[in-house]
Novice: 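First the structure, which I've put down as structure tokens, then a few questions once you've had a look.
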Amino acid sequence: MTSLLQQPEVWLVAVPVLAACVSFAMNGRARLAVVIPVIVFVSMAMALTTWKLSDSGAYIHQIGGWIAPLGISWRIDGLAVVMLLLTTLVGAGVSVYSLAYFGDSREERHRERYFWPLWFFLWGSLNAIFLSNDIFNWYVSLELSGLAAVALITLSNKPEALTGGMRYLILALSASLFYLLGVSLLYGQYGTLDLDGLANVIERQHLTMTAMAVMTIGMAIKAALFPVHFWLPPAHANAPSPVSAVLSALVVKGGFYIQLRLMTELWPIDMTVALSNGLGLLGGAAIIWGSYHAIRQSHLKPLIAYSTVAQLGYLFLMFPLMTIGWWADNDWSSRAWAGGIYQALSHGLAKASLFLSAGVLIHARGSDNLEGLRGLGERLPMTATAMALAGISLMGIPPGAGFIAKWLMLTVAMSSGQWLWAGIMIVGGLMAVGYLFRIFRRLMTTSDEGDYHRPSRIMEYAALYLAILSIAFGLSSLPVFELLKHGATSLLGTYLGVTP
Amino acid sequence: MNITHLYGLAGVLLLAIGMYGVLIQPHLLKKLLSLNIASGGVFLLMVALAFRGESPDPVPHALVLTGIVISVSATAYAVALAARIYRATGRASLDQTGGDRS
């Protein structure tokens, strides 16, 4: 127990991986005895890690006591802890939801038996991505999370899910290869894999540029950046609903997180600035393209999946907004940075809630055709509330968490005179209203047509819990910004108006 | 041009051939084989980079071993998935109209 208190970060990976093995061995029996302790232990470890960070500042954990060039290091700083916090909050909600999601038929029980080990495995590897401070360890964690994610998608067993999963698998493996090529070039040149060690010795030369190019391609595919987003809608829309929630809320953020770390901590500054504008343009295109396709969908889950493509675009808008103010005496850079991370947090909570609610509605009607949603708002007021709250956050209306994120980025775009980015964000917000109201309009009309099957209350509570969180983080955002301050790069200039 | 460069160039060439195959070949098994050729290219590059000066650097060898383990398990899973797709749809390719349909 002393080690849990002294090094709580270890348990964030150890507990889910151990639980994956145990639940596989248990073969579907006594799932409550595994799931509840996992949620409790991971939440405790998360709380202790957060407390340790705010108490003593950012720190490095050397796995097994081996020092950096030889061993693998983890870094626990503000950015890592905020992403881990998102994973813990979404992970707990999805786990509780999944306890009630699977039915009693033979086929459903067979699915559930494989769901739990794969999901715990995915949870552990996501935590490993967010903790890691080593470019090769990122490759390993990415492959683990990718394989677990594909296996989870194909659990739904529909032909579209199988082909969607296969398309995702091939793209994810290709993306990892590009990333690995960059890793081997960097190691060949500089002889270290540790992020801090590399940052000290990296130079501006052709080889670094090649590594940057291939690693960016890899992470853009993983994070479903336009125009390599096309694998996302079929994969996310055809997966079982709890899996869709995890994929959209967390798995795509893994690629984005690595890209953000590399941009702010590794690549030479002038190269990063040049790359930022390109990524910003693709992000802007993703917002317009994803929103347009979301408006045109006739089914609920593809609509939410295209909305993910659009919302991920905002994450990449943070790069040009961030680099314009580097070293400057104002807080533009830190506002854009904190806004981008807040977008990852708010989108994760809101999108997980939307997909979980979609699962409830599909249970109720047996189909996710938008027309079939009529009348469900009256029958399932709790789920309708959850979708409305999550929608407020996604549209960027106060007091949602999405408002804080988009407000921070929008004010930077306006005060630095980057009207293109400001315009895209405003149009994207209006289009989000457009596609989300296609859901709400039908939910709020009265009609008694169609089959109705009462879904489990537990599923409704889990979706509502995440929706309330997406509003709570909008009402109280200062604690997150305080956390983000720990270990933030000095490139950001003054932090949100405060000199560090 | 020394022997390391030759290995490195061969690795990059294999990667390019493999990626071309992934994009062009419609048959799933051919896509997976191409993916393996591409990863073979990256592994060859890593092994070649390990040879610098007198004694080879053991770290890239360890990395390549890890990479091979991941590649083997990913391929095994992908082949099983391809067989499932064949049983479910009667085709061993990805549905060309099912992807980006809006």
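Within every chain, numbering begins at 1; the chains are lettered A, B, ... in the order of the sequence lines, protein sequences first and strands thereafter. Everything numeric in this text was worked out from a predicted model, so none of it was measured.
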Novice: Show which side-chain atoms of residues 29-39 of chain B pair as donor or acceptor with protein atoms under 3.5 Å away, not counting sequence neighbours.
Specialist:
residue: B/K31; atom: NZ; partner: B/V22; partner atom: O; Å: 2.8
residue: B/K31; atom: NZ; partner: B/Q25; partner atom: O; Å: 3.0
residue: B/S34; atom: OG; partner: B/K30; partner atom: O; Å: 2.7
residue: B/N36; atom: OD1; partner: B/S71; partner atom: OG; Å: 3.4
residue: B/N36; atom: OD1; partner: B/T75; partner atom: OG1; Å: 3.4
residue: B/N36; atom: ND2; partner: B/L32; partner atom: O; Å: 3.0
residue: B/N36; atom: ND2; partner: B/T75; partner atom: OG1; Å: 3.2
residue: B/S39; atom: OG; partner: B/L35; partner atom: O; Å: 3.0
residue: B/S39; atom: OG; partner: B/N36; partner atom: O; Å: 3.1

Novice: Looking only at non-hydrogen atoms, find the nearest pair between A/S184 and B/L49 and report the distance.
Specialist: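 In this case the closest contact between A/S184 and B/L49 is O-CD1, 3.2 Å.
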Novice: Identify the two heavy atoms, one from A/M166 and one from B/A78, that lie closest to each other, and give their separation to 0.1 Å.
Specialist: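 A/M166 and B/A78 have their closest heavy atoms at CE-O, 3.4 Å.
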Novice: With the side chain counted from C-beta on, respond yes when A/L180 and B/L63 share a heavy-atom pair under 4.5 Å apart, and no when they do not.
Specialist: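 No, side chains not in contact.
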Novice: Taking all non-hydrogen atoms of both residues into account, name the closest pair between B/L15 and A/L177 and its distance.
Specialist: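 Heavy-atom minimum between the residues: CD1-CD1, 4.5 Å.
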Novice: Tell me, side chain or backbone of B/A48 under 4.5 Å from chain A's heavy atoms, or both, or neither?
Specialist: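 Neither part.
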Novice: Considering only heavy atoms, which portion of A/A235 lies under 4.5 Å from any heavy atom of chain B: side chain, backbone, both, or neither?
Specialist: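 Neither part; nothing is under 4.5 Å.
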Novice: With a 4.5 angstrom heavy-atom cut-off, is it the side chain or the backbone of A/F136 that approaches chain B, or both, or neither?
Specialist: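 When you check distances to chain B, only side chain atoms of A/F136 fall under 4.5 Å.
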Novice: Is the number of heavy atoms from other residues, nucleotides or ligands within 6.0 Å of OH (A/Y190) greater than 12?
Specialist: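 Check passes, neighbour count above 12.
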Novice: Heavy atoms, side chains only, cut-off 4.5 Å: are A/N157 and B/R84 in contact?
Specialist: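 SC-SC contact between A/N157 and B/R84 confirmed.
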Novice: What part of A/V183 gets within 4.5 angstrom of chain B, counting heavy atoms only: side chain, backbone, both, or neither?
Specialist: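 Neither part.
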Novice: Out of B/A74, B/G41, B/A88, return the one with the most heavy atom pairs under 4.5 angstrom to chain A.
Specialist: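 With the most close heavy-atom pairs to chain A, the winner is B/A74.
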Novice: Got a sec: does the CZ of A/F121 have more than 12 other heavy atoms crowding it under 6.0 Å?
Specialist: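 Counting other residues, nucleotides and ligands, CZ of A/F121 stays at 12 neighbours or fewer.
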Novice: Check the surroundings of atom NE2 in A/H110: do more than 12 heavy atoms from other residues, nucleotides or ligands lie under 6.0 Å from it?
Specialist: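 No, the 6.0 Å shell around NE2 holds no more than 12 heavy atoms from other groups.
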Novice: Indicate yes or no: at least one non-hydrogen side-chain atom of B/Y77 is less than 4.5 angstrom from one of A/V150.
Specialist: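 A side-chain contact exists here, since the closest heavy-atom pair is under 4.5 Å.
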Novice: Which pair of non-hydrogen atoms, one from A/Y187 and one from B/D57, has the smallest distance, and what is that distance?
Specialist: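 Reported closest heavy-atom pair: OH-OD2, 2.6 Å.
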